[in-house]
Amino acid sequence: MPVSFLDTLGEAVTRRLAARSSRRGVLGRMGAAMAVAPAFPLLPVRRADAAPTPAPNPAATLTDFERRAQGSDPTKCNYWRHCAIDGVLCGCCGGGIHTCPPGTEPSPVSWIGTCRNPDDGRSYVIAYRDCCGRNICAAPKSCDCNTADREMPIYRPQASNDIIWCFGTASTAYHCSTAAIIGQAG
C-alpha cells in the first residue's frame with residue numbers, strides 16, 4: 001500500500017506538535033479558549049441593523065436648578081453660573097461674578113461645576129473660587145447661596161462646594177465666592 005504525500009505531511013506535523021507540546025499545555029489552552037469565548041459577544045461591534053436610539057428630550061433631563069435658572073442678574077442665587085456655588089456671592093460684596101473684592105485675594109484652588117446657560121442652551125464648566133483675607137461678607141440673605149446642583153460626594157473634593165478653599169493664602173478667613181467660566185463643556 002503506497003503512502004501518500006498528505007499522509008506523510010500529516011504525520012510530520014503531528015510528530016512536531018507532539019514534540020513541542022504536552023497534554024496539559026493543550027488542555028490548558030483549550031480551557032482558556034472556552035473561558036474567553038463567552039466574552040466575544042460583549043466586544044464592541046458595529047451593528048448596522050440596530051435601531052437608532054432616539055435623542056433624549058432636553059427638558060426631561062433638566063435639574064430643578066436649571067428649570068428656574070436665569071441669565072440676567074448675577075447677584076441672585078438662581079443665576080445660571082451659580083448651579084454649584086456655596087457661599088456669599090462676591091457680586092454682592094464689592095467684587096464681581098469672577099473678581100474678588102478689594103482687600104481680599106482669590107484662593108489658589110477652586111471647585112468646579114457644570115452649569116447650563118438658559119440663554120444659549122449650552123453647558124459650561126465653572127470654576128468657583130473663594131475670596132479670602134477678610135471676615136465673611138455681611139451681604140443680604142439673598143446673596144448667601146448653597147446651590148448644590150449635581151454636587152459630587154466629598155470623596156471627589158475638586159467638585160465639592162462644602163470645603164472652605166482659603167488655604168495657601170495670607171489669611172484663611174473666608175469672605176465670598178466667585179464663579180468664572182473655564183470653557184464650554186463636552
Backbone N/O of Pro74 and side chain of Arg81: donor-acceptor pair under 3.5 Å: no
Test item: Gln184 side-chain N/O and Arg122 main-chain N/O as donor-acceptor pair under 3.5 Å: no
Minimum heavy-atom distance between Phe65 and Thr147, given as atom pair plus value: CE1-CG2, 3.9 Å
Donor-acceptor pair, side chain of Arg129 and main chain of Ser107, under 3.5 angstrom: yes
Test log, rule disulfide bond (SG atoms under 2.5 Å apart), inputs Cys92 and Cys176: CA-CA 9 Å; Cys92 299; Cys176 60; over 6 Å; no
Closest contact, heavy atoms only, Tyr174 versus Cys166: CA-SG, 4.0 Å
Atom of His98, atom of Ala180 and distance for their closest heavy-atom approach: CB-CB, 3.7 Å
Shortest non-hydrogen contact from Ile181 toward Trp80: CD1-CH2, 3.8 Å
Distance SG-SG for Cys131, Cys100 less than 2.5 Å: yes
Smallest separation among heavy atoms of Gly87 and Ser177, with atom names: CA-OG, 4.3 Å
Over 12 non-hydrogen atoms of neighbours within 6.0 angstrom of CG in Asp73: yes
Side-chain donor/acceptor of Trp111 to backbone N/O of Trp165, under 3.5 Å: no
Minimum heavy-atom distance Ser142-Cys77, with the two atoms named: O-SG, 3.3 Å
